[in-house]
Structure formats: structure tokens, C-alpha cells
J.: 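Shown below is the structure under consideration.
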2 protein chains.
Amino acid sequence: MKKKAIVNDTEVCQLRMQAISDTMSILSGKWKFHIIGTLIEGNKLGFMDLLREVKGIGSKMLSKELQDLELNHLVSRTVQDTKPITVQYALTEYGETLSPLIDELAKWGIEYRQSIYKSKSV
Amino acid sequence: MKKKAIVNDTEVCQLRMQAISDTMSILSGKWKFHIIGTLIEGNKLGFMDLLREVKGIGSKMLSKELQDLELNHLVSRTVQDTKPITVQYALTEYGETLSPLIDELAKWGIEYRQSIYKSKSV
DNA sequence: CAGGGTGCTTTCATATAGGAAACTACTTCC
DNA sequence: GGAAGTAGTTTCCTATATGAAAGCACCCTG
């Protein structure tokens, strides 16, 4: 009796897995969700704003991650012709489609904390 | 005129960011979403099944990731008292609460592919 | 008793990510 | 002129993640 678990073999599953990989590779790294989350709240922010808001990030990482996000059209970078030149980072319309995903992420994280709290008090 | 972008300063935002960090640290790495995704489809799978289903993973990584997931009570490991000893990995009830998140991840990834396809054909 | 299957662990090596600090360049305020 | 702010880049270093391959222990089948 050969019992092979042929689970992933349907096209739908393959596509699903591919899709998960795609999403995660675009949003990989320690900071992207933070940056996007901050931009969701802050709408339009300058480089130094983000450096302050995203706790712990350094300028190198911030710069690199913003470039990644810009390449994938999730974030827009607009140079403002102001007194000291400033740059505005904002989510693109497309970047905003990440909101439900980030909401789920946050929701799950909050419930996770609660479940730990509960299991400790039992 | 001091214009400081005080965006993240509300408790709600801090909690939200914390929650995102929590979720991502639990599900960090290249393979966890794949493993969980596969377990969602496959219900109960043995080690060798997973090794086959999760394309590209090696036994070391699989072992390590499964231990991580078990520690966080997302996956259960049950040794079966069968002829050649077998082990069953399955999502716990708690692990199944990740389904909506994984669905969002997959959904976004699929739409991402479609948006690339569209932008190329324009 | 050899081959193959299950379920891992160990070792060795490399790749990538991430961080600290210094530096550039330009401007404006005091 | 010097300090400070904006927006980064560059260099150097370390930690962590990942990978390939082999080994181990146990059992069954031929």
C-alpha cells in the first residue's frame, strides 16, 4: 500500500503557495511592515520623520527599504521644492491595498498577546 | 514653527506596531508560512511528507521550523505507535487562527501577479 | 543481510541581513 | 562662521539564516 500525501499537487495550491512566496519576498526583512504601518497612520512623512517614528531603524536600512518599496510601487517618493529640500514618502494607492493584510497581522498579534496572558493566569 | 510628525505616539498605534512585530517574529524565516500553508491543505502530515511537499526545504530547516512552531503552540507533533514509528504534524486549533492571515497573504500575492500582468499588457 | 523508509541531528560552509558610525552636501538660523 | 536640520551614502563589522551532505537509530521487506 503506497500512501503518498499528494496535497500540493493541484494547480490551485501551487498558485497559492507561489502567491505567499511573492508577498513575503516583497515584504521581506525586519522593517517593511513597520514602515508601511507607519505610513498608513502618517499619510505623508519625510525621511527624518520615518527615522524617528520607526523605532530602532538606522538611516541605512530606512533608505534601502524605502528604495525597495518604491521599486515595487508601494511607496511614492516626492521631492518637495521647499527651503531646505524635503522629501515626502507616502503609500501609493496600490500600497494601500496592503491595509487589510496589515490589519490581519496586527489583529493576530494582539490576540496572541491576549492568549499568552490568559494561559499564564490559568 | 516646530512641525513634528507625532504619529505613532498614541497607545493604539504603539500596540499595533508591537503586535505586527510579534506576529512577524513568530512567523519569521523563509519557510513558516509555507509549512503552515501546507498543513492547512494537508491536515495531518508526516515529516517526510512535509519534506516532499514544501518545495526546496531541507531536513535541517524543516526540523528547526517545526520545533519553533511547536513551541508557539501552532503545530502539534504526535508520535504514532506504528510499525515504522511515524510522526504526525498538524495545525493546532490555535494554529488554525492563522488561516485568515494566510488567506490575505495569498490573496494579495495573487493580485500582485495580476497587476504586473496588466501593467505589462498596457 | 542489504536496501529502503521514517525522523531526525550534526557538521561545515556561505550568504545575507542588519547595525554603528562617519561622511557628504546643501541650507538656514543665530 | 558655526551649529543644526534635511536626506541620504559609504565603510566596516558581526550575527543570523540557510544550505548541502553525511550520519544515526530504528524497523520492515525481499
Side-chain angles (χ1 to χ4, degrees), chain A residues 1-7 20-21 24-36 38-39 42 44-72 75-90, chain B residues 1-7 20-21 24-36 38-39 42 44-72 75-90:
Chain A
M1 200 227 299
K2 277 187 190 174
K3 197 185 73 174
K4 280 190 189 172
I6 304 168
V7 174
I20 292 172
S21 289
M24 291 317 293
S25 75
I26 289 163
L27 300 174
S28 66
K30 194 174 168 183
W31 299 110
K32 295 215 181 63
F33 283 111
H34 269 85
I35 295 171
I36 294 170
T38 305
L39 285 172
K44 286 160 190 258
L45 295 172
F47 187 85
M48 296 311 279
D49 294 330
L50 283 166
L51 207 52
R52 278 185 292 260
E53 300 287 342
V54 182
K55 307 279 166 69
I57 200 172
S59 53
K60 189 185 84 170
M61 274 301 123
L62 181 55
S63 174
K64 200 209 96 194
E65 299 292 65
L66 285 170
Q67 279 169 31
D68 279 8
L69 293 171
E70 208 194 333
L71 266 176
N72 287 312
V75 162
S76 65
R77 179 182 182 275
T78 318
V79 178
Q80 304 283 299
D81 194 13
T82 47
K83 13 228 161 154
I85 227 169
T86 54
V87 179
Q88 259 187 7
Y89 290 97
Chain B
M1 201 228 297
K2 277 187 191 174
K3 198 186 70 172
K4 281 188 189 172
I6 305 169
V7 174
I20 291 171
S21 289
M24 291 316 293
S25 73
I26 290 164
L27 300 174
S28 65
K30 195 175 168 182
W31 299 109
K32 295 216 180 62
F33 283 110
H34 269 83
I35 294 171
I36 295 170
T38 304
L39 285 172
K44 287 161 190 255
L45 295 172
F47 188 85
M48 297 309 279
D49 294 330
L50 282 166
L51 207 52
R52 277 185 291 261
E53 298 288 342
V54 182
K55 307 278 165 69
I57 199 171
S59 54
K60 190 183 84 172
M61 275 300 121
L62 180 56
S63 173
K64 201 209 94 195
E65 299 293 65
L66 285 170
Q67 280 170 29
D68 279 8
L69 293 171
E70 206 193 334
L71 266 177
N72 287 313
V75 162
S76 65
R77 178 181 184 275
T78 318
V79 177
Q80 304 282 300
D81 195 13
T82 46
K83 20 229 162 146
I85 227 168
T86 53
V87 179
Q88 258 186 7
Y89 291 97

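Per chain, numbering begins at 1; letters A, B, ... match sequence-line order.
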J.: When rounded to the nearest 0.5 angstrom, what distance separates CE in B:M48 from CG in B:L62?
T.: 9.5 Å

J.: Grab the two heavy atoms, one from B:T38 and one from B:E53, that are nearest each other, plus how far apart they are.
T.: CG2-CB, 3.7 Å

J.: Between protein and nucleic acid, restricted to nucleotides 15-18 of chain C and to nitrogen or oxygen atoms under 3.5 Å apart, what atom pairs and distances do you find?
T.:
residue, atom, partner, partner atom, Å
C:dG18, OP1, A:K30, N, 2.9

J.: If I take atom OH in residue B:Y89 and atom C1' in nucleotide C:dT6, what distance separates them, rounded to the nearest angstrom?
T.: 11 Å

J.: If you measure from NZ on B:K32 to CE on B:M61, what distance do you get to the nearest 0.5 Å?
T.: 9.5 Å

J.: To the closest 0.5 Å, what do you measure between NE2 (B:H34) and CG (B:L50)?
T.: 12.5 Å

J.: Can you tell me how far apart CD1 (A:I57) and CH2 (A:W31) are? Round to the nearest 0.5 Å.
T.: 5.5 Å

J.: How many Å lie between CG on B:D49 and C1' on C:dG5, as a whole number?
T.: 12 Å

J.: Report the distance from atom CG of B:L69 to atom P of C:dC8, rounded to the nearest whole Å.
T.: 14 Å

J.: Checking B:V87 now: which residues fulfil side chain to side chain contact (heavy atoms under 4.5 Å, CB included) with it, not counting sequence neighbours?
T.: B:R77, B:V79, B:Y89

J.: Supply the atom-to-atom distance A:S28 OG to A:E65 CD, rounded to the nearest 0.5 angstrom.
T.: 7.0 Å

J.: Listed by chain and number, what are the side-chain hydrogen bond (donor to acceptor under 3.5 Å, both in side chains) partners of B:T86, not counting sequence neighbours?
T.: B:T82

J.: Once side-chain hydrogen bond (donor to acceptor under 3.5 Å, both in side chains) is applied, do any residues pair with A:S76, and if so which ones, sequence neighbours excluded?
T.: none

J.: Roughly, in whole Å, what's the span from CZ in B:F47 to C1' in C:dG5?
T.: 13 Å

J.: Expressed as a whole number of angstroms, how long is the span from B:L51:CG to C:dG4:C1'?
T.: 15 Å

J.: Estimate the overall bend of the helix from C:dC1-D:dG30 to C:dC30-D:dG1 from the end axes over five pairs each, rounded to 10 degrees.
T.: 10°

J.: Identify the residue among B:I36, B:I35, B:D68 that makes a side-chain contact (heavy atoms from CB on, under 4.5 Å) with B:L27.
T.: B:I36

J.: Within less than 4.0 Å of OP1 or OP2 of C:dG7, is there a side-chain N or O belonging to B:R77?
T.: no

J.: Sort me out a list of protein N/O and nucleotides 25-30 of chain C N/O pairs below 3.5 Å, or just none if empty.
T.:
none

J.: Does OP1 or OP2 of C:dC8 have a side-chain N or O of B:Q67 closer than 4.0 Å?
T.: no

J.: Restricting to side chain to side chain contact (heavy atoms under 4.5 Å, CB included), what partner residues turn up for B:S59, sequence neighbours left out?
T.: B:F47, B:L51

J.: Please round to the nearest 0.5 Å and tell me the distance separating atom OG of A:S21 and atom NZ of B:K30.
T.: 9.0 Å

J.: Want to settle it: does B:I57 or A:M48 sit nearer the 5' end of DNA chain D, counting the closest nucleotide to each?
T.: A:M48

J.: On DNA chain D, reading 5' to 3', which nucleotide is the first and which the last to sit with an atom under 4.0 Å from a heavy atom of chain B, could you check?
T.: D:dT18 to D:dC27

J.: Do you know which two heavy atoms are closest between B:K44 and B:A90, and how far apart they sit?
T.: CG-CB, 4.0 Å

J.: Decide yes or no, distance alone: a donor-acceptor N/O pair under 3.5 angstrom between the base of C:dT9 and the side-chain of B:S59.
T.: yes

